[in-house]
There are 2 protein chains.
Amino acid sequence: MKREPSAEEKAFLEQYRPQDYPRPAVAVDLVILTIIDAQVRVLLVKRKEHPFKGGWALPGGFVRVGSGKEQGEDLDAAARRELLEETGLDPDRVLIEQLYTFGRAGRDPRMRVISVAYVALVRPDLAPIVRAGGDVSDADWFSIESLKKQELAFDHREIVDTALSRIRGKLEYSNIAFDLVPLTFTIPELRHVYAIVLDREMDPGNFRRKFNRMLEDGVIERAPGKRITASKPATVYRFKRR
Amino acid sequence: MKREPSAEEKAFLEQYRPQDYPRPAVAVDLVILTIIDAQVRVLLVKRKEHPFKGGWALPGGFVRVGSGKEQGEDLDAAARRELLEETGLDPDRVLIEQLYTFGRAGRDPRMRVISVAYVALVRPDLAPIVRAGGDVSDADWFSIESLKKQELAFDHREIVDTALSRIRGKLEYSNIAFDLVPLTFTIPELRHVYAIVLDREMDPGNFRRKFNRMLEDGVIERAPGKRITASKPATVYRFKRR
DNA sequence: ATAATAGTGTCTATTAGACAATATCCT
DNA sequence: AGGATATTGTCTAATAGACACTATTAT
């Protein structure tokens, strides 16, 4: 929106003082997903402070809001900053997108907190470096399965569920699967990702046919080499982009 | 999340005082859509105050945040309240759902405002009563076409575009079309809604076949009477729910 | 040689789309 | 009777799923 404010409007803005109606705190929370040991995993951090001290929660933090002309950081920037801070991962190498905004009154007992949730997909070859960043005991990749028996802080379970449902939906009609697989991959490996995320077997033949259409569309291309497996080696491909 | 805080945590909460880091204002903005005169229309209101005084903007307002134990209203509640206040429409009779959260720094020149945008679909038979609520000159249904030449306040054009793109997408795989049509409708009427929203003609025969599957699935049912038209009258149906 | 799985082929059912043909009502 | 459009029918192409079959490698 590029426009030139009128003189009158400029004057208004000069003398404008925000009313002190109570304002909520605004946070970004991240659902950082990857695949480790054939399981979908979400990164959780152990809370150091009340409330839910010692409990597991999604990584996140408050959005930086400046004062005066400096209004602070964009929401996306806050999400990317948190990703970097909490995992050490380069936000440019990770798919990160806004998920949904959770703002139920009382979701944080301290005060009114509105949380803009983001989902991030981390390629499994990048996931191991995450631990290196912080104290191992303070962050861990929880499998979705184990989450069923794990209590989460705040409404973070609901946020995780929303994220999974979103990712499962997008798997059908988008290319996000390529963000859950190393830079080069075989068709069976990609198929496993689908099977793991959707939690159902995919027919190898039918999957390959779908995949071949992507090849024809130029979305992916062959990469050099073959992947050695316990049986017949598989052709290696790579996604075109990045 | 139902849980019993420990005594220590209770003590923590008792003495907790929110830090006075600057906080953003949080608003809900509504993209209220309907169909009038065979055009998709969005409800805009004329701004009474700076900035953008006299300009057209999406209806909306700040989320009510309490202080202390009273944390105020949920985001959905705020959206429903604004809908009622700005249009007089019963939120229970209107499809309303969260769209996306816009929080770019500088999007409001006064101060940092994070806007949780909602989309609402108003059945065309309910749309006329909207005017009655407020001053006619202060609110109007703008056709999408006319919006191209109409400047909007803040980043509201981006919000409207996001809403339209969302609605167009959902038209393909959900039942939202029934929220853009009167309680009873004919197949051609429903087809016109698709054609208007997607901005392309729909083949009458093919559309009917898709529609017949909904009939078989029990999503819709025949309603009494026939719709008299300029030519052959059409069978009347109704959506099963509400 | 055998196990395992990569990769191909075939058949069926479903759905979208183009388009022709018929039915029914208003004027 | 004629115009308009609701409604039905037909054909083709694209896609998904079930499943049989062949190919190639490690062991």
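Throughout, protein chains are lettered first and strands after them, A, B, ... in sequence-line order, and every chain is numbered starting at 1.
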Asks: For B:Pro188, what residues pass the side-chain contact (heavy atoms from CB on, under 4.5 Å) criterion, not counting sequence neighbours?
Replies: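 Only B:Thr186, B:Arg191, B:Arg208, B:Ala234 meet the side-chain contact (heavy atoms from CB on, under 4.5 Å) criterion with B:Pro188.
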
Asks: Are A:Phe178 and A:Phe185, when compared by the centres of their aromatic rings, separated by less than 6.0 Å?
Replies: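 Between A:Phe178 and A:Phe185, the centre distance is under 6.0 Å.
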
Asks: Starting at NZ of A:Lys226 and ending at C1' of D:dA23, how long is that distance when rounded to a whole Å?
Replies: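 From A:Lys226 NZ to D:dA23 C1': 11 Å.
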
Asks: Restricting to side-chain contact (heavy atoms from CB on, under 4.5 Å), what partner residues turn up for B:Ala223, sequence neighbours left out?
Replies: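 With neighbours one apart ignored, the set is B:Thr184, B:Val236, B:Arg238.
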
Asks: Which residues satisfy the side-chain contact (heavy atoms from CB on, under 4.5 Å) test with B:Thr229, sequence neighbours excluded?
Replies: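 Listed in chain order: B:Arg227, B:Ser231.
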
Asks: Just the endpoints, please: which first and last nucleotides of DNA chain C, 5' to 3', lie under 4.0 Å from a heavy atom of chain B?
Replies: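 Contact span on the strand: C:dT15 to C:dC26.
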
Asks: Test of understanding: with side chain to side chain donor-acceptor pair (under 3.5 Å), list the residues that count as partners of A:Glu201, not counting sequence neighbours.
Replies: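 Partners of A:Glu201 by the side chain to side chain donor-acceptor pair (under 3.5 Å) criterion come out as none, since no residue qualifies.
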
Asks: Atom OH of A:Tyr173 and atom P of D:dT15: how far apart are they, to the nearest Å?
Replies: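 Value for this atom pair: 19 Å.
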
Asks: Going by the rule ring pair (Phe, Tyr, Trp, His ring centres under 6.0 Å), which residues pair with B:Tyr237 if we only count those two or more places apart in sequence or in a different chain?
Replies: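 Here the qualifying residues are B:Phe211.
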
Asks: Which residues within residues 199-210 of chain A lie with some heavy atom under 4.0 Å of an atom in DNA chain D?
Replies: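 Under 4.0 Å from DNA chain D: A:Asp203, A:Asn206, A:Arg209.
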
Asks: What residues, two or more places apart in sequence or in another chain, satisfy side chain to side chain donor-acceptor pair (under 3.5 Å) together with A:Lys232?
Replies: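 Applying side chain to side chain donor-acceptor pair (under 3.5 Å) to A:Lys232 gives none.
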
Asks: Keeping to residues at least two apart or across chains, list the side chain to side chain donor-acceptor pair (under 3.5 Å) pairs with something in residues 158-167 of chain A.
Replies: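 Listed by first then second residue: nothing to list.
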
Asks: Counting only non-hydrogen atoms, which of residues 227-235 of chain B are less than 4.0 Å from DNA chain D?
Replies: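 Contacting residues: B:Ser231, B:Lys232, B:Pro233, B:Ala234, B:Thr235.
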
Asks: Under the side chain to side chain donor-acceptor pair (under 3.5 Å) test, which residues partner A:Thr34, sequence neighbours left out?
Replies: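 So A:Thr34 forms no side chain to side chain donor-acceptor pair (under 3.5 Å) with any residue.
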
Asks: Under the side chain to side chain donor-acceptor pair (under 3.5 Å) test, which residues partner A:Arg222, sequence neighbours left out?
Replies: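 With sequence neighbours excluded, A:Arg222 shows a side chain to side chain donor-acceptor pair (under 3.5 Å) to no residue whatsoever.
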
